Amino acid sequence: MKLLLAALAMTTALTLPGSAMARPVTLTATLSNYGGDGAYLALYVTDPQGEYAGTLWIAGGKSKYYEHLSGWYRASGGNRAEIDGITGASVGAGRTLEISLDLADVLFDAGYTLHVDAAVEDMRDSPNEVAVPLTSAGAQTPVRGRRYVSTVTYSF
Amino acid sequence: MIRVVHRWPGLLAALLLLVLSLSGAALSLFPAAEQLSVPQAEAGLSVARLTERVLAVHSQVEQIRRAPSGKITAYWFENGVPEAAVINSVTGQGVASADPNTVERWLTSLHRSLFLGDGGRMATAAGAAAMLILSLSGAMLVARRAGGWRRWFAPIRGPFAGRLHVEIARVAVAGFLLSSATALWMTASTFDLLPDAAASSIARIETSGRTGMTAAEMDLLKRTPVAELRSLTFPDPTDAMDVFTIKTDRGVGYLDQGTGALLAWSNPTGWQRISETVYMLHTGQGAAILGLLLGMMALGVPAMAATGCILWLAGQRGRPRICGNAAAGRADTILLIGSEGGSTWGFAATLHTALTAAGQAVHVAPMSSFDPARYRHARRILILAATYGDGDAPATARGFLDRLKTLPPAPVVPMAVLGFGDRSFPAYCAFAEAVARAAEARGWSMLVPYDTVDRQSPQDFARWGQRLGEATDIELELVHQPALPAARPLTLVSRREYGAEVQAPTAILRFALPKVSLWQWLADRGFGRFSAGDLLGVLPEGSSAARFYSLASGRRDGFVEIVVKKHPSGLCSGQLFNLKPGETVCAFIRLNPGFHAGRSRTPLILIGAGTGIGPLAGFVRANAQHRPVHLFFGMRHPARDFLYEEELTGWHREGRLRQLVTAFSRGRMPRYVQHALREEAAQIVALVRGGARVMVCGGRGMAAGVSSALAEILTPAGLTPALLKAEGRYVEDVY
């Protein structure tokens, strides 16, 4: 319960649209040709202690399948209210997801980690496809995923 | 109305349903194949034991899943890379790839969304909805046609395309209903329209904070058999807050990774259980046999679509146009039509034209639009009504009787009712008769007495027209040629003559089979498919009115054969009788499905006299499966008009004919076929009790004599010809 409350408190702090304390960030996730249907993706952030900090994006429209994004689901408790307005369509094999956000400056170079969970129908769930520390230096550097995600890049 | 509801979604959805049914039928094979090929776990194997075996091979297992087929799949990490395989439950070793079959995935995608995402899902859902509407409306049509739900499997008559349409539907409609209803449920579930989301209590649990217990030691896992398992998800060993998640047929539980204690358990909700059952019923996953059955029924859809389109096209061609139809409020003659197949409209058009030519303003409309309040200038109401099935209202007369009965009594204009039907059916003109009786009961006066037209007889129609003309003082001559199928020249191949010495010159005429077009073959038109008992319409030179002869052969015999008796002044029989081999006559086929022998194995009692032997001989000739056939044949003299004598002897030897009883009306001991029946009374009763079907062909007088003889014979056994008629076990072809 404590975890859930903390998550809710943090959410509002992650993205600060138009604020001087935030910077526009583009997140790009390119999927590999894994030979399956469209993938559901969860992009979320954990704090330096590994605690869930908040969700940036959910790709995939049908909430009944969100439990398969198991890392995110477990961390966030699958709270639907929290992801209102930050969901989009699932991403097909070989396709690219690109989202732009105003991310709070405090998230960078402070030990926060960006996670990507992936799930594909009838194939194994892949929590923590990607786990990459958010640093200024790491921007523009593609990070390889484990199974469904070919690369993830964040850039300012 | 039901017909309209059935027709339009059917035509629009035919293509979509073809794709859905074929892909569905193909998909139904996969669960069965999986069930057969998957190594099954030994009985009583616990989840704990299975986990131990898997862990021995893959130490970093993250999840173990069991499909309803018994297929066990494990997911693990190896050097940081997620891996998965189908597992042998005895060794824990991977035996096959866990990735879904690409063909199955492609078919699934096609089947549920046509590769078009959510838009495609909605399109296929619309297809399922169309299927549901078609199944329900179709089932109502079948029940209506058969004469009630309890007669669902009663034999049906009609052209081949229509019969096939109904025959398939009667069996497959259950599958169509189940598949389409479950498809709609699954779509609703996918779009989150149903409250069937999994109940989860994971957010509420408090863990012990410890780690390190292996799954094999946990009580609940030891108690849970693999057969109940759906999935077991392992926790992150470095996160003490994380837990084991086990899903079984009975619910979802969370186990502490330090103590193995059950931290929380959720039972599935009622909605969730329904959705799971629906999923199983639709996909066959967990019910492979049912899945295969549904798949086979789905294969009926292409045939249903094809026969349905043929029926619609054939119906389109059947109805004539009415020119210069007067408005209901202005017309002095209101002409109401109750028609099923459309042939009655042809008579209506002729009547309309004749009355209009005589200076009348005529309004033609379907009976279902009956509304006397609108007929302000009407001086008479004429009703031409066919009958549907067992005495029901035909398609365009729905609700007519109800409306007639609720009208205020004492109408001022007179009415005339003419029924159209076929005497060989038990409920001959039953609907028209009911209309006439109901109208008289409500106080309508009859312009001319209720009358009928048998088998679209132009003569019957002209006679009625004459009476109508006399009653209304209108010069009325009704010359109606029912829109005849295109006649083809038939070439006489051989002729055999009988009976000239006993004043009954009779001939068996055999014609060569003409070629047929593909459309005729498909739509059952022309010489595409006919059998003994159908009618050959012959157009004699010098007349446009056809004469009908019962066919003594079917298409499979490879020739067209009829038996003709020469009438002293008969135009057609005279021409036929003078026909020499090599010469031709114009003719066409009219189906007469009420007088077919059918494919049943029950015994047949065939009764005929004179030329009536024709179709009966045809039935015997076609009896290759040696169904017990008993033929009662009346003639004048055994040496003079014993038609088919040689053939009958041969057929008896071959087993096509079980028994032949003859009666001769001339000679030392004259007797009729009725006498022969009475002599064999005991045997006839036994045969009829055993399910035998009686078929009578011959003159009207002979048929009446046979009917009363059979009534005498059967009454002591508690049976009557009327009872048998109602069951379709007593049919007549009389002339």
Side-chain angles (χ1 to χ4, degrees), chain A residues 1-5 7-8 32-38 46 49-52 60-68 70-82 87 89-93 95 115 117-131 144-149, chain B residues 62-65 67 73-85 97-102 104-106 108-109 112-113 115 117-118 121 189-206 231 233-236 238-239 241-243 245 247 252 254 272 275 285:
Chain A
M1 205 59 204
K2 202 179 75 188
L3 186 143
L4 192 66
L5 286 174
L8 283 172
S32 58
N33 283 307
Y34 50 82
D37 290 328
T46 55
Q49 286 75 47
E51 301 268 305
Y52 170 72
K62 306 211 164 39
S63 58
K64 62 190 289 194
Y65 300 126
Y66 288 170
E67 62 172 319
H68 292 284
S70 44
W72 171 81
Y73 194 84
R74 217 176 261 168
S76 67
N79 187 344
R80 312 269 155 91
E82 193 191 333
T87 56
S90 61
V91 186
R95 300 294 182 85
H115 298 261
D117 282 14
V120 175
E121 185 186 9
D122 289 338
M123 296 175 84
R124 66 152 303 162
D125 301 342
S126 185
N128 271 328
E129 265 284 323
V130 173
R144 296 192 63 77
R146 295 196 298 195
R147 190 175 169 93
Y148 303 116
V149 176
Chain B
E62 209 194 24
Q63 192 177 54
I64 298 173
R65 284 191 210 166
T73 314
Y75 301 85
W76 70 92
F77 283 97
E78 207 157 295
N79 306 322
V81 179
E83 300 282 354
S97 162
D99 287 336
N101 181 312
T102 46
E104 183 177 9
R105 199 168 57 77
W106 187 87
T108 306
S109 226
R112 86 180 154 198
S113 67
F115 308 116
D118 278 357
R121 284 174 194 266
S189 171
T190 300
F191 284 104
D192 286 336
L193 300 175
L194 300 174
D196 63 347
S200 175
S201 47
I202 191 164
R204 292 195 298 273
I205 56 178
E206 297 271 355
S231 71
T233 309
F234 290 66
D236 178 351
T238 63
D239 180 2
M241 303 281 281
D242 205 356
V243 292
T245 306
K247 294 185 184 175
V252 184
Y254 303 101
Q272 208 180 332
S275 281
Q285 286 173 22

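Here is the naming used below: chain letters follow the sequence lines, and residue numbers restart at 1 for every chain. Not measured: the values here are computed from a predicted model. Hydrogens, waters and symmetry mates play no part in the numbers below; they use all other heavy atoms, side chains included.
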Review point. So what's closer than 4.5 Å to chain B heavy atoms on A:Ser126: side chain, backbone, both or neither?
Key: side chain
Exercise for review: Sequence neighbours left out, what passes side chain to side chain donor-acceptor pair (under 3.5 Å) with A:Asn128? Give chain and number order.
Suggested key: A:His115
Point to revise | Heavy-atom pair of closest approach, residues A:Met123 and B:Arg65 | key: O-NH2, 3.7 Å
Review point. CD of B:Glu83 to CZ of A:Arg147: how many Å apart, nearest 0.5 Å?
Key: 7.0 Å
Practice item. Mind checking side chain to side chain contact (heavy atoms under 4.5 Å, CB included) for A:Ser70 and listing every partner two or more places apart, or none if nothing turns up? Key: A:Asp125, A:Pro127
Check your understanding: Is chain A contacted by the side chain of B:Thr102, its backbone, both, or neither, given a heavy-atom distance below 4.5 Å?
Key -> neither
Exercise for review: Report the C-alpha separation of B:Glu62 and A:Arg146 in whole Å, then their side-chain angles, then the decisive distance to 0.1 Å, and conclude whether the salt bridge (charged side-chain N to carboxylate O under 4.0 Å, His left out) test is met.
Suggested key: CA-CA 15 Å; B:Glu62 209 194 24; A:Arg146 295 196 298 195; 5.7 Å; no
**Study point:** Contact class of A:Glu129 relative to chain B, heavy atoms under 4.5 angstrom
**Key:** neither
Exercise for review: With rounding to the nearest 0.5 Å, note down the distance linking CZ in B:Phe115 to CG in A:Asp37.
Suggested key: 10.0 Å
Exercise for review: State, without any angle test, whether A:Lys62 and B:Thr190 hold a side-chain donor-acceptor pair at a distance under 3.5 Å.
Suggested key: no
Check your understanding: Where on B:Thr108 is there a heavy atom nearer than 4.5 Å to chain A: the side chain, the backbone, both, or neither?
Key -> neither
Exercise for review: Evaluate the side-chain proximity of A:Arg74 to B:Thr233: yes if any heavy-atom separation is below 4.5 Å, no if none is.
Suggested key: yes
